[in-house]
Engineer: 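First the structure, which I've put down as structure tokens, then a few questions once you've had a look.
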Amino acid sequence: MLTKRIIPCLDIKNGRTVKGVRFENIRDAGDPVELAKWYAEQGADELVFLDITATNEERKTFAELVRDIARHIDIPFTVGGGISAVADVEVLLMAGADKVSVNSTAIRNPQLVEDLACRFGSQCVTLAIDTKYTEATGWKVYARAGTVETEHATVDWARKVVELGAGEILLTSMNNDGTKAGFALDITKAVSEAVSVPVIASGGAGTMQHFADAFQIAHADAALAASLFHFRELDIPDLKRFLKGEGIAVRC
Amino acid sequence: MNLVIVDYKAGNVQSVLFALERLGVQATLSSDFETIKAADKVIFPGVGEASSAMAQLRARNLDKLLPTLEQPFFGVCLGMQLLCEHSEEGDTGMLGIIPLPVKRFQTDLKVPHMGWNQLEKLQSPLFAGIAEGEYAYYVHSFYVPLSAYTIAQTSYPEPFSAALQYKNFYAAQFHPEKSGPAGSQIIKNFLAL
């Protein structure tokens, strides 16, 4: 049976993991490769690396890092951050990334999604959506790391990018992100039911039950978290045992 | 051992090379007729879209060479589908080595079939040391139905061919290079054939 995926997300700046990650048994938790290997051993199903650096010069460093990650880990990983053209993606895929995640650029230039799907196949195009709910607007898509509201309603945008060729949706609720109060179940469920491709729930995980809810209530195919795993508030083997006990198919 | 990876600009070549490197195995990346023909073993990776992959193969005359090979040969993911007769993806004529069709998933489940799923009914030295129900990583929208050449199956929701063997041609729909220790073992098993 196809299992639900648990995905740690690592933010990368200048080739190093950002935030003070607390790992006693890792020599250098700032080293993305060390951290990635550790997560793979823990049973993470995939990893996501987001490059949060700004300049082109720094992005070259990121491509080298992607190559280093691919050399050392034997599970799939997605890379994103600052992708604006087909050529950027070619470099990352040829370096050994399995999928790329595209966000703001797709909003400015939806044609990029179609070009990427045509060139590399839908299976390696993950469309990241940052979404925020207000009473006045409902769930809207936000661009530029969540700083700019767009005119797109979230479910409509998800449908559109899948038509263009996205093979997966990474849906982050800005309302929930960092709250540890649980994933945004309503919008995750709405998007999951609206599109035919897998949906990754992101933002708000605080407990093991939150993951179970993302899968059972919101019908997410995967769930992503960052600091919860990095600070070891929750270990992946414990999480998977819990989910299995709840009757959810997981790899463990 | 002279191991050659077929080079036709397939997306996952680097991942396959790294997986071999982790096993301490050196491989040559080549699209050259003579080099591939002289190999002890050949690995044929692949991700992407069927008709453009076939165009890349034809551009290198590999559509003529690959069917004539007699050494152990391992097609991975799209590399497995390309060995078949025809694909519903872009209504594409494939290499025609294995007389089987490639079909699109018709299901209410999410497509692509993406993530870790179980290998069942294992029946080949390719799966030596691999337990029934072991997990492998998949990402694909098209599949090969069960057949007389199926040596492992996976269900989504209906069973399909997880792996095939036809004469010297072995193939896996999943990605052994991305399937953790079990995937490495399967690659090792192929190298030991």
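Every chain is numbered from 1 and lettered A, B, ... according to where its sequence line falls, protein lines coming before strand lines.
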Engineer: Less than 4.5 Å to any heavy atom of chain B: does that hold for the side chain of A:Lys99, its backbone, both, or neither?
Structural biologist: side chain
Engineer: For A:Ala117, is it the side chain, the backbone, both or neither that has a heavy atom under 4.5 Å from a heavy atom of chain B?
Structural biologist: neither
Engineer: Is a salt bridge present between B:Lys178 and A:Asp98, judged by a nitrogen-to-oxygen distance below 4.0 Å?
Structural biologist: yes
Engineer: Please assess A:Asp74 against B:Arg22 for the test side chain to side chain contact (heavy atoms under 4.5 Å, CB included), listing each intermediate value before the final yes or no.
Structural biologist: CA-CA 9 Å; A:Asp74 55 8; B:Arg22 287 193 293 273; 3.5 Å; yes
Engineer: Among residues 194-205 of chain A, which residues come closer than 4.5 Å to chain B, judged by heavy atom distances?
Structural biologist: A:Val195, A:Ser196, A:Val197, A:Pro198, A:Val199
Engineer: Below 4.5 Å from any heavy atom of chain B, which atoms of A:Arg5 appear? Answer side chain, backbone, both or neither.
Structural biologist: side chain
Engineer: Of the listed residues (A:Glu168, A:Arg67, A:Glu90, A:His72), which shares the most heavy-atom pairs with chain B below a 4.5 Å separation?
Structural biologist: A:Arg67
Engineer: Grab the two heavy atoms, one from A:Ile75 and one from B:Trp116, that are nearest each other, plus how far apart they are.
Structural biologist: CG2-CZ2, 3.8 Å
Engineer: Side chains of B:His113 and A:Leu2: does their closest heavy-atom pair fall under 4.5 Å?
Structural biologist: yes
Engineer: Among A:Ser192, A:Pro76, A:Ala70, single out the residue with the greatest number of heavy-atom pairs under 4.5 Å to chain B.
Structural biologist: A:Pro76
Engineer: Grab the two heavy atoms, one from A:Gln123 and one from B:Gly48, that are nearest each other, plus how far apart they are.
Structural biologist: NE2-N, 3.7 Å
Engineer: At a 4.5 Å cut-off on heavy atoms, which part of A:Asp45 comes close to chain B: side chain, backbone, both, or neither?
Structural biologist: both
Engineer: Any chance you could measure B:His140, atom NE2, to A:Ser122, atom OG, to the nearest 0.5 Å?
Structural biologist: 14.0 Å
Engineer: Side chain from CB out, backbone as N, CA, C, O: work out which of these in B:Pro176 comes under 4.5 Å of a heavy atom of chain A, or both, or neither.
Structural biologist: neither
Engineer: Using heavy-atom distances under 4.5 Å, tell me whether B:His175 contacts chain A through its side chain, its backbone, both, or neither.
Structural biologist: neither
Engineer: Find the one option among B:Val111, B:Val16, B:Leu78 whose heavy-atom pairs under 4.5 Å with chain A are most numerous.
Structural biologist: B:Val111
Engineer: Over all heavy atoms of both residues, which pair between A:Ala95 and B:Phe18 is shortest? Give the atoms and the distance, please.
Structural biologist: O-CE1, 3.9 Å
Engineer: About how many Å separate OG1 of B:Thr154 and CE of A:Met1, when rounded to the nearest 0.5 Å?
Structural biologist: 13.5 Å
Engineer: Between atom CZ of A:Phe77 and atom OG of B:Ser15, what is the distance when rounded to the nearest 0.5 Å?
Structural biologist: 7.0 Å
Engineer: Minimum heavy-atom separation for A:Arg71 to B:Glu21, with atom names?
Structural biologist: NH1-OE2, 2.5 Å
Engineer: I'd like to know which of A:Gly167, A:Cys118, A:Ala40, A:Ala222 tops the heavy-atom pair count under 4.5 Å against chain B.
Structural biologist: A:Gly167
Engineer: Got more than 12 heavy atoms from elsewhere within 6.0 Å of CD, A:Gln111?
Structural biologist: yes
Engineer: Taking side chain as everything from C-beta outward and backbone as N, CA, C, O, which of these in B:Ser179 sits under 4.5 Å from a heavy atom of chain A? Side chain, backbone, both or neither.
Structural biologist: backbone
Engineer: Test side chain to side chain contact (heavy atoms under 4.5 Å, CB included) on A:Glu46 and B:Tyr137; report intermediate values, then the result.
Structural biologist: CA-CA 10 Å; A:Glu46 275 183 39; B:Tyr137 186 78; 3.2 Å; yes
